[in-house]
2 protein chains.
Amino acid sequence: MSVQISVTMNQTDVMVDLPGVTEVAFEAARQMMTRSLERSSVKNRDAVKDTFITLLKACPEANPSDLWHHIVYRQYLEILPAHRVQNPDQSWKRASGDALEVAIAEIHEPLFAENNIRIQVLVGRPKKIAALMAMGISGVVGSDKLDVALYIDDTDEIFGGVHVKASLAERISDDVPCSREMMQNGFFSPLWTLDVKSFPPPHPDPLVNRGELGSPTAPSEKRGYVEKHGSFDHLFSANARSMPSSGTTPSGKRVMRLNLATQPNLFAQEVIARAKLFKEQGRAAAPPPPVTPSDR
Amino acid sequence: MSVQISVTMNQTDVMVDLPGVTEVAFEAARQMMTRSLERSSVKNRDAVKDTFITLLKACPEANPSDLWHHIVYRQYLEILPAHRVQNPDQSWKRASGDALEVAIAEIHEPLFAENNIRIQVLVGRPKKIAALMAMGISGVVGSDKLDVALYIDDTDEIFGGVHVKASLAERISDDVPCSREMMQNGFFSPLWTLDVKSFPPPHPDPLVNRGELGSPTAPSEKRGYVEKHGSFDHLFSANARSMPSSGTTPSGKRVMRLNLATQPNLFAQEVIARAKLFKEQGRAAAPPPPVTPSDR
DNA sequence: CTCGACCGGTCGA
DNA sequence: TTCGACCGGTCGA
């Protein structure tokens, strides 16, 4: 039960192994993507979101980050040109970022509803501004840097928000100021990522999607944002190759590896716990964010 | 004395007018780009840098940002594939950013030398760390966000640094934390940009490179970073379509439009003035950065 | 070899 | 219509 795909890059063919992916699931994804993109009324982000969720359900053993990077991404680039005139690479950047936010909301909606939590994608500036105002950080420079909001019950009482990133690059720093302010004001501020990153040939492990977090013993800059500086209420990575934090971290904040197949996953557990704490104790319940001397 | 180019995008042909550009200059640029890229020993960024500087000298009346966006950029995409196997769009992103930093240093080196100022591109992490340490902001999160350093004479005494961006997008926020810290510590921290931004058809003014600063009366988010929040020691734009600040700004910091043909240009004047002030009074000479209530 | 920052067409609200 | 944020192959040090 494993599909191999061939990717041509820099005039080199690379075979990529996708454990946990069946031919049937692979073809179902292609069909979902094609059916979606051929209808001009379907938003590009929804084509991506629906294809990803189809794959997640069909391949519970697979690495979600690989499903995204090697199947959804590459099928989008392949299929889009038949239906849209736009540049497929740039279209992917624009559409896939939104798609991931919507997918995360959709995946968790039922479970969160059972726990009297509402998850909402903050689409459009007014919604973002409103959410940030509710947390007392409106008007701040770079303020509309929050993707997804978390509310208590059906109220507008916000207890936190999720920073969503398909890949980290240097762009992780964009989210830090907003996240720190949220934490300082007592709101829950996790980072949810697929941590997608692979290198093309002639890299020694071409197209192996290792992500950018390094290991606890050889931490990358990005791992430091969480483990050392504690700039988020944990980093949840849905890349099976991400190495979780080990032992205690300087900031107390951790890299957590998500297994989306076992529900409630670690992210969902944390959201539910923090909602409960918020209902019992309000904003005061949140621990103050750690500050290291070399931190901003 | 004006060249028109035809750009095909989204299956539409768009004619772009380039006032101040002669056929001779246009062909000289193409030759410089070709000659550079066909030699595998020439770094991609140097091909870009040399072509840009060739054009700047040959076309003093032209809009520098247009030279970059419509000639250097498009010629690079056209010519690179004949000599390199890599993806030309991604290659441009990687190489052009570095090229602009090197170009700015090269353009100003002679004038700055006359004024006992040294400008240095901070290439490689160790150099960046050293420069930031010298300004007392080492180890800070997102700290290696400085591109170019400015020193007094031939010493290692740093009095500031330049944040360089070809285009702004949301990425301008990356530079804010470092810049604010620099200013707070008494160092000179301007932003130098080409402010490149055009929209493809079917936009009403397809491919017109208007930039992203809006106007003083209808300020964009990016203009607010400077005029309202004062996050940089002025924003110097080499896009002739950038509208400079008018009257006084809330922060005292301004958008300035550069005319590179008249030397010393506004950027050079400010660098020289700040170097003089620094020599006379040291870091204390720098005015404290303005802080507005809605600022971080 | 490793691993960081570079940028622009897109597409919605 | 305007104008914001989305992301990944590259290529050096």
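Keep in mind that this is a model prediction, so the values were computed, not measured. Chain A is the first sequence line, chain B the second, and so forth, proteins listed ahead of strands; every chain is numbered from 1. Scope of the values below: all heavy atoms of this structure, side chains included, with no hydrogens, waters or symmetry mates.
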(message) Can you measure B:Asp174 atom CG to C:dG4 atom P for me and round it to whole angstrom units?
(response) 15 Å
(request) Quickly work out the A:His163 NE2 to D:dA5 C1' distance and round it to whole Å. (result) 15 Å
(message) Classify A:Asp46 by what it touches in the nucleic acid, base, sugar-phosphate, or nothing, heavy-atom distance under 4.0 Å.
(response) nothing
(request) Identify which nucleotide among C:dG8, D:dG9, D:dC11 has an atom closest to any side-chain atom of B:Asn87, counting heavy atoms from C-beta outward. (result) D:dG9
(request) Could you tell me the separation between the OG atom of B:Ser242 and the CG atom of B:Leu235, rounded to the nearest 0.5 Å? (result) 7.5 Å
(request) Report yes or no: does A:Asp195 contribute a side-chain atom to a donor-acceptor pair with the main-chain N or O of A:Glu212 at less than 3.5 Å? (result) yes
(request) Measure distances between side-chain N and O atoms of B:Lys197 and base N and O atoms of C:dG9, and say whether any donor-acceptor pair falls under 3.5 Å. (result) yes
(message) If you assign A:Trp92 and B:Val196 each to the DNA chain C nucleotide with the nearest heavy atom, which residue ends up on the more 5' nucleotide?
(response) B:Val196
(message) Between A:Ser91 and C:dG9, is there a contact of a side-chain N or O with OP1 or OP2 at under 4.0 Å?
(response) no
(message) Quick test of your reading of the model: are B:Asp98 and B:Arg94 salt-bridged, counting only N-O distances below 4.0 Å?
(response) yes
(message) Side chain of A:Lys222 only, heavy atoms from C-beta on: which candidate in D:dG8, D:dC11, C:dA5 is closest?
(response) C:dA5
(request) Map A:Arg94 and A:His69 onto DNA chain D by nearest heavy atom, then report which one ends up closer to the 5' terminus. (result) A:Arg94
(request) Please find out if less than 6.0 Å separates the ring center of B:Phe52 from that of B:Trp68. (result) yes
(request) Give a yes or no on whether a salt bridge exists between B:Arg118 and B:Asp156, defined as a side-chain N under 4.0 angstrom from a carboxylate O. (result) yes
(request) Please report, rounded to the nearest Å, how far the P atom of C:dA5 is from the OH atom of A:Tyr225. (result) 7 Å
(request) Say whether, by atom type as modelled, one donor and one acceptor occur between the side chain of B:Ser215 and the main chain of B:Ala218 under 3.5 angstrom. (result) yes
(message) Under a 4.0 Å threshold between the charged nitrogen and the carboxylate oxygen, would B:Glu221 count as salt-bridged to A:Arg125?
(response) yes
(message) I'd like to know if A:Asp175 pairs up with A:Lys145 as an ion pair, taking the criterion as any Lys NZ or Arg NE/NH1/NH2 lying under 4.0 Å from an Asp or Glu carboxylate oxygen.
(response) no
(message) Would B:Lys197 and B:Phe199 count as a cation-pi pair here, with the cationic atom under 6.0 angstrom from the ring centre and within 45° of the axis?
(response) yes
(message) Can you identify which nucleotide, out of C:dT10, D:dT10, C:dC6, has its nearest atom closest to the A:Gln86 side chain?
(response) C:dT10
(request) Scan residues 32-44 of chain A against DNA chain C and write down, sorted by residue number, each residue with any heavy atom closer than 4.0 Å; if none is found, say none. (result) A:Lys43, A:Asn44
(message) Does a side-chain N or O of B:Ser96 approach OP1 or OP2 of C:dC7 to a distance below 4.0 Å, or not?
(response) no
(message) Quick check on DNA chain D: between B:Lys93 and B:Ala169, whose nearest nucleotide comes earlier from the 5' end?
(response) B:Ala169
(request) Residues of residues 72-79 of chain A with any non-hydrogen atom less than 4.0 angstrom from an atom of DNA chain C: list those, numerically ordered, please. (result) A:Tyr76
(request) Could you check how far CG of A:Leu122 sits from P of C:dG12, rounded to whole Å? (result) 18 Å
(request) Round to a whole Å and report the spacing from CZ of B:Arg125 to P of C:dC6. (result) 13 Å
(message) What is the distance, to the nearest angstrom, from the NE2 atom on B:His70 to the C1' atom on C:dG8?
(response) 13 Å
(message) Over 60° means perpendicular and under 30° means parallel, so tell me whether A:His229 and A:Tyr225 are parallel, tilted or perpendicular.
(response) perpendicular
(message) Given the structure, check if the side chain of B:Arg171 and the base of C:dG8 hold any donor-acceptor pair shorter than 3.5 Å.
(response) yes
(request) Verify, without hydrogens or angle tests, whether A:Arg257 (side chain) and A:Ser237 (backbone) share a donor-acceptor contact under 3.5 angstrom. (result) no
(request) Please check if the distance between the ring centroids of B:Tyr76 and B:Trp92 is under 6.0 Å. (result) yes
(message) Taking any heavy-atom pair under 4.0 Å as a contact, classify A:Asp89: base, sugar-phosphate, or nothing.
(response) nothing
(request) Look at the side chain of B:Lys165 and decide which nucleotide, out of C:dA5, C:dC7, D:dG8, has an atom nearest to it. (result) C:dC7
(message) Mind checking if A:Arg45 touches a base, just sugar-phosphate, or nothing, with heavy atoms under 4.0 Å?
(response) sugar-phosphate
(message) Could you tell me how far apart A:Leu168 (CG) and C:dG4 (P) are, to the nearest whole angstrom?
(response) 10 Å
(request) With the side chain of A:Gln90 defined as its heavy atoms from C-beta on, choose the nearest nucleotide among C:dA13, D:dC6, C:dG9. (result) C:dG9
(request) Can you sort out which residues in residues 198-214 of chain A have a heavy atom within less than 4.0 Å of DNA chain C? Ascending by number, please. (result) A:Phe199, A:His203, A:Pro204
(message) Measure CD1/B:Ile172 against P/D:dG4 and give the value in whole Å, please.
(response) 11 Å
(request) Identify which one of B:Val72, B:Ile79, B:Leu77 satisfies the side-chain contact (heavy atoms from CB on, under 4.5 Å) criterion when paired with B:Gln75. (result) B:Ile79
(request) Using modelled atom types only, decide if a donor and an acceptor are shared between the side chain of A:Arg223 and the backbone of A:Val255 within a distance under 3.5 Å. (result) no
(message) For a quick check, tell me whether the side chain of A:Glu170 and the base of C:dG4 share a donor-acceptor pair closer than 3.5 Å.
(response) no
(request) Measure from the side-chain heavy atoms of A:Glu101 and tell me the nearest of D:dC6, D:dA5, C:dG4. (result) D:dC6
